[in-house]
Amino acid sequence: MRHNSSRHNINAIFGDVRVVRSKQRSRHILVTGGAGFLGSHLCERLLKAGQTVICLDNFSTGLERNIRHLRNFERFSVIKHDVVDPIDVEVDEIYNLACPASPPHYQADPVHTMKTCVFGALNLLELAARTGARIFQASTSEVYGDPLVHPQVEGYWGNVNSFGPRSCYDEGKRSAETLFFDFHKQHHVEIKIARIFNTYGPNMRPDDGRVVSNFVVQALKGQDITIYGDGSQTRSFCFVNDLIDGFQQLMATDPSFTGPVNLGNPGEFTVLELAEQVIKLTGSRSKTIRKPLPTDDPRQRRPDISLAQRELGWQPKVSLLAGLEKTIFYFDRLLTEEAVELAETA
Ligand code: NAD
Ligand code: UDP
């Protein structure tokens, strides 16, 4: 595998990215955002399936801890790189997941978020055009904005503010979809676009800021649970393992199927219902408190997954209850380990 470090200032963290390609039977797969929540699960899944994985990440929200255990695979390598800058490696497939997904994180540097979405997509599509790699885009339910059609079907064009606090992400992801389709039409790049709905599970950061990790961490620490607005807004929560199944099933479809396809769990809950479930499952004494509803916070969200069911044969299997139990177990262990480390260094 070629790795042009001088031209693109790529910094290999560990692993040898110059694996000889000719003798490999496994596919060479680039996962951008591979140290993040979803990316780390995807890297693990691909490695266990026998593939050779290059994880590319700028470590802005991703964590070395999420991929530490993958070092044991010889077929795994990591490159520290920002997708805003071009990248040149020899690959058979690309999964483009690089982008902060949590509102506080993507709003912290909105210009860089937009660059990540647009320049990132452009750079990776150019790589796909050059190498002939099939390319997957982690798009989002945010392309529907604050939806006026419910549940959301792929044919719905959305209700999106072009200059609000969420726009850097929403419009960035919409532009990325446009680029994907234009590269497909103009340069015959094989594309697969997944519109991901709220997904949760192990490997989220405790300070990620999204609702499930916030509530679980607050409940475990006995802190107040922060309900934004009156908590009547709804979301549909998908457990990470189900989502990664969907990624793989989408990537394995016939080249004629491009998506966009919704991937998410159609179970719909209010934010208050989620808080109640988390309090019950953790046995926490935390109380709920109200905080202002963020600007442009979507009122309701639920995927119509008929297209995924039909074209991918995919539907989620893990209930909210079962997924929350696994997530609580993860954060409980993580917070205990952090507390022990803190005590040891004190
Ligand atoms: P995350 O923040 O945990 O992971 C994002 C990863 O991308 C991190 O490792 C981060 O360091 C890396 N990254 C960010 N900007 C980068 C850049 N410019 N160059 C290189 N690396 C960069 O978020 P996640 O939940 O794992 O989301 C992964 C992808 O899925 C994102 O593209 C997100 O938009 C999309 N998505 C996620 C959800 C969800 O519910 N988790 C929903 C919709 C879409
Ligand atoms: N939310 C909340 N408390 C929190 C974090 C989020 O009430 O501590 C709400 C937020 O206002 C939104 C929903 O939970 O209505 C989902 O928020 P998240 O940031 O997880 O994702 P998104 O809004 O992007 O779907």
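Indexing begins at 1, ligand by ligand and atom by atom, following the structure's order. Small disclaimer: the values here were computed from a predicted structure and weren't measured.
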Should the pair [X]-[Y] be classified as a salt bridge under the 4.0 Å nitrogen-to-oxygen rule?
X: Glu171; Y: Arg174; value: yes
X: Arg166; Y: Glu142; value: yes
X: Glu154; Y: Arg310; value: no
X: Asp88; Y: Arg130; value: yes
X: Glu64; Y: Arg68; value: yes

What part of [X] sits under 4.0 Å from ligand 1 if we count only heavy atoms: the side chain, the backbone, both or neither?
X: His112; result: side chain
X: Arg210; result: side chain
X: Lys173; result: side chain
X: Tyr200; result: neither

What orientation do His187 and Phe183 show, parallel under 30°, tilted 30 to 60°, or perpendicular over 60°?
-> tilted
[X] N/O to ligand 1 N/O under 3.5 Å:
X: Phe37; result: yes
X: Thr199; result: yes
X: Leu97; result: yes
X: Val83; result: yes

For [X], the ligand 1 atoms whose distance to one of its heavy atoms is below 4.0 Å:
X: Gly33; answer: 6 (C), 7 (O), 9 (O), 12 (C)
X: Ser60; answer: 10 (C), 11 (O), 13 (N), 14 (C), 15 (N)
X: Asn198; answer: 40 (O)
X: Tyr169; answer: 33 (C), 34 (O), 36 (N), 43 (C), 44 (C)
X: Phe59; answer: 11 (O)
X: Gly62; answer: 8 (C), 9 (O), 10 (C), 11 (O)

Whether [X] lies under 4.0 Å from ligand 1, heavy atom:
X: Pro100; value: yes
X: His81; value: yes
X: Ser139; value: yes
X: His105; value: no

Above 12 or not: heavy atoms from other molecules or residues under 6.0 Å from CZ of Phe119?
->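 Incorrect, the count does not exceed 12.
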Between CG of Asn161 and CG of Asp170, what distance do you get to the nearest 0.5 Å?
-> 8.5 Å
When you measure from [atom] to each heavy atom in [options], which option holds the nearest one?
atom: atom 9 (O) of ligand 1; options: Thr32, Val84, Asp57; answer: Asp57
atom: atom 1 (P) of ligand 1; options: Ile87, Leu263, Thr61; answer: Thr61
atom: atom 27 (O) of ligand 1; options: Ala98, Ala101, Ala35; answer: Ala101

Does one side chain, of Gln152 or His150, offer a donor that lies under 3.5 Å from an acceptor on the other?
-> yes
Test item: side-chain donor near acceptor, Gln218 and Ser286, under 3.5 Å = no
Nearest non-hydrogen protein atom, [atom]:
atom: atom 38 (C) of ligand 1; result: Ile196 CG2, 3.8 Å
atom: atom 4 (O) of ligand 1; result: Gly36 CA, 3.5 Å
atom: atom 13 (N) of ligand 1; result: Asn58 OD1, 3.3 Å
atom: atom 5 (C) of ligand 1; result: Cys99 O, 3.2 Å
atom: atom 26 (O) of ligand 1; result: Leu38 N, 2.8 Å
atom: atom 18 (N) of ligand 1; result: Asp82 OD1, 2.8 Å

What are the atom names and distances for all N or O pairs under 3.5 Å between ligand 2 and the protein?
residue  : atom   : partner : partner atom : Å
ligand 2 : 3 (N)  : Thr226  : O            : 2.6
ligand 2 : 7 (O)  : Tyr228  : N            : 2.8
ligand 2 : 8 (O)  : Asn214  : ND2          : 2.8
ligand 2 : 8 (O)  : Thr226  : O            : 3.3
ligand 2 : 8 (O)  : Thr226  : OG1          : 2.9
ligand 2 : 8 (O)  : Tyr228  : OH           : 3.4
ligand 2 : 11 (O) : Asp297  : OD2          : 2.7
ligand 2 : 15 (O) : Gln233  : NE2          : 3.0
ligand 2 : 15 (O) : Arg235  : NH2          : 3.3
ligand 2 : 15 (O) : Asp297  : OD1          : 2.6
ligand 2 : 15 (O) : Asp297  : OD2          : 3.4
ligand 2 : 20 (O) : Val211  : N            : 2.8
ligand 2 : 21 (O) : Asn198  : ND2          : 3.4
ligand 2 : 23 (O) : Arg166  : NH2          : 3.0
ligand 2 : 23 (O) : Arg235  : NH2          : 3.1
ligand 2 : 24 (O) : Glu142  : OE2          : 3.2
ligand 2 : 24 (O) : Arg166  : NH2          : 2.9
ligand 2 : 25 (O) : Asn198  : ND2          : 2.9
ligand 2 : 25 (O) : Arg235  : NE           : 2.8
ligand 2 : 25 (O) : Arg301  : NH1          : 2.7

Non-hydrogen atoms of [X] and [Y] that approach each other most closely:
X: Cys55; Y: Ala35; answer: SG-N, 3.7 Å
X: Arg134; Y: Thr253; answer: NH1-O, 3.1 Å
X: Tyr228; Y: Leu293; answer: O-CD1, 3.6 Å

Report yes if some heavy atom in the side chain of Ile279 is under 4.5 Å from a heavy atom in the side chain of Thr288; otherwise report no.
->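 The answer is yes, as the side chains (C-beta and beyond) meet within the 4.5 Å cut-off.
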State, yes or no, whether a side-chain contact exists between Ile87 and Leu124 at a heavy-atom distance under 4.5 Å.
->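 They are in side-chain contact.
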Using the rule that Ile, Leu, Val, Met, Phe, Trp and Tyr join whenever any side-chain heavy atoms are under 4.5 Å apart, tell me whether [X] and [Y] fall into a single cluster.
X: Val160; Y: Tyr144; result: no
X: Met204; Y: Tyr106; result: no
X: Phe215; Y: Val212; result: yes

Output every pair passing salt bridge (charged side-chain N to carboxylate O under 4.0 Å, His left out) with a member in residues 44-53, not counting sequence neighbours, ordered by first then second residue.
->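 Listed by first then second residue: Glu44-Lys48, Arg45-Asp245.
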